[in-house]
Colleague: 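I have a structure I would like to understand better, so I am pasting it below and will then ask my questions one at a time.
Keep in mind that the numbers below use all heavy atoms, side chains included, and drop hydrogens, waters and symmetry copies. Sequence lines set the chain letters: A, B, ... in the order given, protein chains first and strands last, and positions in each chain run from 1.
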2 protein chains.
Amino acid sequence: MKFHTQTRTWVLIALIMLTTITLSAEGTIEQQSAASQSEAQAKYVFLFIGDGMSTVQINAAESFANAQVSDDITVQHLRFSKFPVAGLTTTYDASSLITDSASSATAMASGKKTLSGVINMSTDKSSAYKLVSEYAKEQGKKIGVVSTVSLNHATPAAFYAKAPSRGNYYDIAVQMTQSDFDYFGGGGFIYPDGKNKDQENIFELARKAGYTVADTDREFHALTSGTGKVLAVNERLQSSGADMPYDIDREPGELSLADYTAKGIELLSDDPDGFFMMVESGKIDWSGHANDAGASVRETLAFDAAVAEAIAFAEDHPDETLIVVTGDHETGGMTIGFAGTKYSTFFDEIGKQKMSFTAFDQEVLGPYKKAMEGRKARFEEFLPSIEDAFGLDYDTLTAVQQNKMRTAFDRSMGNEVIVPQVEDVYLLYGGYEPLTMTITHTLNEIAGIGWTSYSHTGVPVATFALGAGQDLFGGYYDNTQIFGSLMSAMGLTNQM
Amino acid sequence: MKFHTQTRTWVLIALIMLTTITLSAEGTIEQQSAASQSEAQAKYVFLFIGDGMSTVQINAAESFANAQVSDDITVQHLRFSKFPVAGLTTTYDASSLITDSASSATAMASGKKTLSGVINMSTDKSSAYKLVSEYAKEQGKKIGVVSTVSLNHATPAAFYAKAPSRGNYYDIAVQMTQSDFDYFGGGGFIYPDGKNKDQENIFELARKAGYTVADTDREFHALTSGTGKVLAVNERLQSSGADMPYDIDREPGELSLADYTAKGIELLSDDPDGFFMMVESGKIDWSGHANDAGASVRETLAFDAAVAEAIAFAEDHPDETLIVVTGDHETGGMTIGFAGTKYSTFFDEIGKQKMSFTAFDQEVLGPYKKAMEGRKARFEEFLPSIEDAFGLDYDTLTAVQQNKMRTAFDRSMGNEVIVPQVEDVYLLYGGYEPLTMTITHTLNEIAGIGWTSYSHTGVPVATFALGAGQDLFGGYYDNTQIFGSLMSAMGLTNQM
């Protein structure tokens, strides 16, 4: 389809040019090539990063969405996985096949590899890299950085900061206030007053630097294209932490990643030179670490809803907009297939899940543990809470599954348990609540979803592209090329 | 890069046509479009199918090959994963997210979905599908079918036969002899004399149908482009079974998949209408079922070596050759990441492995079991055999790993073992030899490679393309589109 449209465009351009200029055939072709490049130049550029999202997370979300509406097994793609160009991207960093989010975001932001934990600096931490967002800013574009997790977390940080360690949260946030970038939205800040709470508050620094800070829904909705530089943070974060809630836990009407993306478009698109906006869904990764497929698929669908905002904008600016959607690495070693279910999958099972593992820990298991302090908790008494939250009926489980869950309950509740020598406790729970982990593992296994790790993995991710310069993102290439292709699409040249 | 070349081609064609004909702009464009299609037509078409090979199997082979030669973590691509076009392909079949090889090969061969176990027939088994190989044959092309597993196994069968069940091995093989296709090479036949050994021998039927049968190395090497229709089967198969040995077990000088591919090129390329050749590596899948990464990576590298033969041919026929490399599904839920090794991988560990799980069963464990009949086998006595075959030093394992291995040894040897209630024996061994499975699992875990299943999984696979019509294989699409894109590349139209 696209192919023919392109062909027509080139041939039409050729016809038009032939009527006005006379050159050798070779000369004409060079002119054409230049013309095509400038035509392809992307004025409005979106980079969507699904943290921890590889092909399997995408395909699982597709299969889950499908299972909600139809018995037909035909896989319906997400909005972004329908994009005309799909590529495969390697994610290894300077020292490991398995990257972390810092080195991976560095690769995409700067085109250069570094070590895990390092943000936009060389492996010896002696020199800083120049970022695609900085080049775009120099070109006159407005810059936006959005994330569901804290804005000084590794992935968003890599689009405005340089730091020898991703753990330098306060310093990174200070760099944000000094960036002069135009829009920061979504999560809040880890250590907004410094690690020892003895530094000037980040929000104060931001205000001093000219940012309008919006941390209530009312203030958020009042933001308009005339507001100037904006720092918009979800109001719920002030009490609960620096990350936005999982989409599965989001209250009706509560601001979503899509809302922060739409606001970014509203604030940034008035610039005659366009914008560059990075939008991260950070908790596809977190649900991967915890092997929680129910949270993961809904998080990926919420990410897709955010991309939908960009698609709507692109429809109004089809020749000038580029949307790239990728992952920074895979997390959890997720697969659609589990030994126990063999060739079958039951994605409707994770549809019964009502909350994330985190919400279960905080809102169900935590309060129960507190209430049971000093008393011996009884497993049977707690079973209805598991069924309420995860739709998991204990009586339908195998003896082995029941045994595992009972043991995990005792471990979570601090009841005395003898650890059998045949068990590796880390492999079972990965440092999470034993009961919660056993619930999500059991539910996932019943659905036919497997996991191999509580960490990132080294498998390639998928990259999708739509719009001006989209063809730069096809093929199988390294994540450092994302930087180069974004630069090319914007007509920018790497000066370093 | 490619983009510009294409642009130049279109514009050149436009210039040439403008000098000779005068048409409305719209008319000229349609002419161009038709001209461009015929120019892209592929005369020599290779479809390489890595059975059970998804992105992870490819990336694991890349990482393994890399670890053999360098400490630098930079991933070097395989020859086929360097192809200019990479796509993502869904593999679900008519009733399940997780396909089998029959329905998957049917999708690629016919463009239509069916049920697992069915070869090129509708889901109600009432009608047969027409195959890309049959269309190509009608076009005058020679047809080749090559596989490392038996030629009447599901994947190769789907390129010449139609059957309500993949288990109808003899009937499928009979259809092969009746196909009039030009070259069959690689594995032998399951039930060559029928299931009850009461049918006419397949090799005899093939000879009667005009095939030259080559089942020794000498006969194989004597085959030339003048030989006519050929059935070439690995001589070792007559004693050991119907599949070629794993590449890790292949004797020096023994015929490889690359040899069978090269011979196919020699035999088929004299046709003025070109050829269509399907080449399957069937045992990437088998090593996936058995969670044997050491065999898998070497099998994928041998597959890559077979593709190299096609690449060499394409270099001599660059404008007329299309090479497509894909997988039919993923097997085993392989990931590059294991909970116990967290963010590290140690691919050199699987480099120490000297034989496949099958060879270990047949050549090491089997004879030992036989020798121990009636006696109680002693674990310590057998340990050196494990270290010889897999490079696994028992003394370096964790207590949990040691415990698992000792238990598995007792189970494999039939020593009395009480199965603890907390274990699911199928999850541990998947029906394979307990000891062998525990060895490969332990070795893989040490290397940082995880598995979730002994069956296929539902994750998308990668598809790579090089040559005439390569752009048809970019994007994210269903495996039924492989058929359509092959047809388009050859300038063929689906009549059904």
Side-chain angles (χ1 to χ4, degrees), chain A residues 3-4 7-8 10-12 14-15 18 25 28-29 32-33 36 55-56 59 63 73 75 77 81 84-88 90 92 95-98 333 335-340 342-345 399-400 403 421-424 427 430 450 452-460 462 471 474-476, chain B residues 3-4 7-8 10-12 14-15 18 25 28-29 32-33 36 55-56 59 63 73 75 77 81 84-88 90 92 95-98 333 335-340 342-345 399-400 403 421-424 427 430 450 452-460 462 471 474-476:
Chain A
F3 194 68
H4 291 175
T7 310
R8 289 178 196 204
W10 304 138
V11 177
L12 268 175
L15 289 170
L18 275 168
T28 308
I29 291 157
Q32 288 309 329
S33 187
S36 73
T55 52
V56 181
N59 202 230
S63 303
I73 208 78
V75 173
H77 290 322
S81 58
V85 173
L88 275 171
T90 49
Y92 62 91
S95 76
S96 174
L97 278 180
I98 302 179
T335 68
I336 300 177
F338 169 64
K342 298 183 180 170
Y343 288 84
S344 298
T345 54
V400 172
N403 213 320
Q421 241 223 318
V422 292
E423 278 188 6
D424 181 327
L427 293 191
T452 69
S453 181
Y454 302 102
S455 303
H456 305 166
T457 70
V459 309
D471 290 330
Y476 182 27
Chain B
F3 192 69
H4 292 173
T7 309
R8 289 177 196 205
W10 302 139
V11 176
L12 265 177
L15 289 169
L18 274 168
T28 308
I29 290 155
Q32 289 308 329
S33 187
S36 73
T55 52
V56 181
N59 202 230
S63 304
I73 208 77
V75 173
H77 289 321
S81 57
V85 173
L88 276 171
T90 48
Y92 63 91
S95 74
S96 174
L97 277 180
I98 302 179
T335 68
I336 299 177
F338 169 64
K342 298 183 180 170
Y343 288 85
S344 299
T345 53
V400 172
N403 213 320
Q421 243 223 316
V422 291
E423 277 188 4
D424 181 326
L427 293 190
T452 68
S453 180
Y454 302 101
S455 304
H456 304 166
T457 70
V459 309
D471 290 330
Y476 182 26

Colleague: Quick one: which of B:Thr345, B:Ile336, B:Asn59, B:Ile73 gives a side-chain contact (heavy atoms from CB on, under 4.5 Å) with A:Tyr92?
Modeller: B:Ile73
Colleague: Looking only at side chains, do A:Thr335 and B:Thr457 share a donor and an acceptor under 3.5 Å apart?
Modeller: no
Colleague: Counting heavy-atom pairs under 4.5 Å to chain A, which of B:Ala462, B:Gly430, B:Ala399, B:Ser96 comes out on top?
Modeller: B:Ser96
Colleague: Which bit of A:Thr90 is near chain B, if near means a heavy-atom gap under 4.5 Å: side chain, backbone, both or neither?
Modeller: side chain
Colleague: Which atom pair, heavy atoms only, marks the closest approach of B:Gly475 to A:Ala86?
Modeller: C-CB, 3.6 Å
Colleague: So, for A:Gly337 and B:Thr452, which heavy atoms are closest and what is the spacing to 0.1 Å?
Modeller: O-OG1, 2.8 Å
Colleague: Quick one: pull up OH in A:Tyr343 and CG in B:Leu97 and give me the separation to the nearest 0.5 Å.
Modeller: 14.5 Å
Colleague: With chain A as the partner, which of B:Gly340, B:Ser95, B:Ser344, B:Gly87 has the greatest number of non-hydrogen pairs under 4.5 Å?
Modeller: B:Ser95
Colleague: Which one wins on heavy-atom pair count under 4.5 Å against chain A: B:Ser455, B:Pro460, B:Gly450?
Modeller: B:Ser455
Colleague: Tell me which of these, A:Leu88, A:Thr55, A:Val75, A:Val56, has more heavy-atom pairs under 4.5 Å with chain B than the rest.
Modeller: A:Val75
Colleague: Count the heavy-atom pairs under 4.5 Å between each of B:Tyr454, B:Tyr476, B:Phe338 and chain A, then report the option with the highest count.
Modeller: B:Tyr476
